[in-house]
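Values below: every heavy atom of this structure, side chains too, minus hydrogens, waters and symmetry copies.
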Amino acid sequence: MRCMYCDCTESKVIDSRSADDDRTIRRRRECIGCGRRFTTYETIEFTPVLVVKSDGNRQAFDVGKIKRGIVKACEKRPVPAEKIDALADEIAKRVYNSMESEVTSKQIGELVMEGLKELDEVAYVRYASVYRSFKDISSFMSELQKMMEKKEN
């Protein structure tokens, strides 16, 4: 860290403390060259992830949108809010850990459906009916049959 007073690149850390809900570290430093003290802050740098929609438009990844979709699918179901939050956080973690700068909405939808399938089957079917936009009852029934076959195995 370069001293703001004398441009020296050598300093020692005198004190470190967490700040901003443990997302930032505040460091008090002393310059080896001039002896003056200064404060630095260390934070995690997030790389923005863009979501490529089916029409080709791009928008910033928003975990809040995922959570709202999960809440809508779980409406009037016995699914605790903690599990909804955990699923949304897990999906966000997987998106950020993919190290991709762009992810398709289809990939995100598949992650949500995968999580909902384990969380609540009715919520999964609700989400799938909107996400896959079933055209008629036969496409809806085929999805239900796939679920029932997997459950039997």
Side-chain angles (χ1 to χ4, degrees), residues 1-4 9 11-29 38-153:
M1 185 62 59
R2 190 177 298 275
C3 175
M4 58 190 278
T9 57
S11 65
K12 64 181 179 181
V13 176
I14 307 232
D15 181 43
S16 289
R17 295 183 186 192
S18 294
D20 190 28
D21 294 331
D22 292 333
R23 295 181 186 270
T24 303
I25 297 175
R26 177 187 179 270
R27 297 196 196 278
R28 193 75 181 134
R29 296 179 179 269
F38 57 98
T39 303
T40 60
Y41 293 91
E42 182 179 321
T43 61
I44 296 172
E45 182 178 38
F46 286 103
T47 306
V49 175
L50 295 177
V51 177
V52 181
K53 308 293 267 181
S54 57
D55 63 0
N57 285 335
R58 286 169 170 71
Q59 63 185 71
F61 175 73
D62 180 11
V63 70
K65 283 181 101 173
I66 292 169
K67 187 175 175 183
R68 286 189 294 276
I70 295 170
V71 167
K72 191 79 166 161
C74 293
E75 212 168 76
K76 297 182 183 178
R77 297 293 305 154
V79 180
E82 298 84 36
K83 290 197 175 195
I84 292 171
D85 290 340
L87 177 57
D89 290 344
E90 176 62 28
I91 292 167
K93 189 186 302 181
R94 288 176 69 178
V95 168
Y96 285 118
N97 285 342
S98 72
M99 302 299 288
E100 300 289 329
S101 59
E102 291 184 344
V103 63
T104 65
S105 58
K106 181 177 170 95
Q107 290 170 308
I108 293 172
E110 293 297 328
L111 290 173
V112 172
M113 288 199 319
E114 182 182 307
L116 280 175
K117 193 180 280 188
E118 294 177 23
L119 195 63
D120 187 87
E121 290 176 338
V122 174
Y124 165 77
V125 171
R126 285 179 180 169
Y127 189 87
S129 68
V130 173
Y131 175 72
R132 294 214 171 114
S133 59
F134 296 135
K135 302 292 182 221
D136 54 19
I137 194 79
S138 63
S139 58
F140 187 74
M141 286 302 292
S142 71
E143 185 67 29
L144 286 175
Q145 286 173 340
K146 286 182 207 172
M147 273 184 60
M148 290 177 70
E149 288 171 8
K150 284 183 182 177
K151 195 171 187 175
E152 289 173 0
N153 294 335

>> Tell me every residue that passes side chain to side chain donor-acceptor pair (under 3.5 Å) with Glu110, counting only those two or more places apart in sequence or in another chain.
In response: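 For Glu110 there are no side chain to side chain donor-acceptor pair (under 3.5 Å) partners, ignoring immediate neighbours.
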
Mind checking the [atom1]-[atom2] spacing from [X] to [Y]? Nearest 0.5 Å is all I need.
X      : Y      : atom1 : atom2 : value
Thr39  : Ile14  : OG1   : CD1   : 10.0 Å
Glu118 : Lys83  : CD    : NZ    : 10.5 Å
Glu102 : Arg58  : CD    : CZ    : 4.0 Å
Leu87  : Cys74  : CG    : SG    : 8.0 Å
Lys117 : Tyr124 : NZ    : OH    : 4.0 Å
Ile25  : Ile44  : CD1   : CD1   : 8.5 Å

>> My understanding is that only one of Arg28, Arg27, Arg26 makes a side-chain hydrogen bond (donor to acceptor under 3.5 Å, both in side chains) with Ser16; could you say which?
In response: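 That would be Arg27.
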
> Looking at side-chain heavy atoms only, is the closest gap between Ile91 and Ile70 below 4.5 Å?
Replying inline: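 Yes, their side chains come closer than 4.5 Å.
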
> Can you find a pair of side-chain heavy atoms, one from Val103 and one from Val52, that are under 4.5 Å apart?
Replying inline: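 The answer is no; the side chains never approach within 4.5 Å.
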
Expected list for residues 59-68: side-chain donor-acceptor pairs under 3.5 angstrom, two or more places apart:
from, atom 1, to, atom 2, distance (Å)
Asp62, OD1, Gly64, N, 3.0
Lys67, NZ, Asp85, OD1, 2.6
Arg68, NH1, Gly64, O, 3.4

> Could you go step by step and tell me if Ser54 and Thr104 meet the side chain to side chain contact (heavy atoms under 4.5 Å, CB included) rule?
Replying inline: CA-CA 8 Å; Ser54 57; Thr104 65; over 6 Å; no

> What's the verdict on salt bridge (Lys or Arg N to Asp or Glu O under 4.0 Å) for Glu121 and Arg126, showing C-alpha distance, side-chain angles and the deciding distance?
Replying inline: CA-CA 9 Å; Glu121 290 176 338; Arg126 285 179 180 169; over 6 Å; no

> Could you go step by step and tell me if Lys72 and Tyr127 meet the side chain to side chain contact (heavy atoms under 4.5 Å, CB included) rule?
Replying inline: CA-CA 8 Å; Lys72 191 79 166 161; Tyr127 189 87; over 6 Å; no

> Would Glu90 and Glu114 count as a side chain to side chain contact (heavy atoms under 4.5 Å, CB included) if you check the C-alpha gap in whole Å, the side-chain angles of each, and the deciding distance to 0.1 Å?
Replying inline: CA-CA 11 Å; Glu90 176 62 28; Glu114 182 182 307; over 6 Å; no

>> Restricting to non-hydrogen atoms, name the atom on Ser98 and the atom on Val95 that form the minimum distance, rounded to 0.1 Å.
In response: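 Taking every non-hydrogen atom into account, OG-O, 2.6 Å.
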
> Looking at Val49 and Glu100, what are the two nearest heavy atoms and their distance?
Replying inline: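 Result for this residue pair: CG2-O, 3.8 Å.
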
> Can Glu42 and Thr24 be said to form a side chain to side chain contact (heavy atoms under 4.5 Å, CB included), step by step?
Replying inline: CA-CA 6 Å; Glu42 182 179 321; Thr24 303; 5.9 Å; no

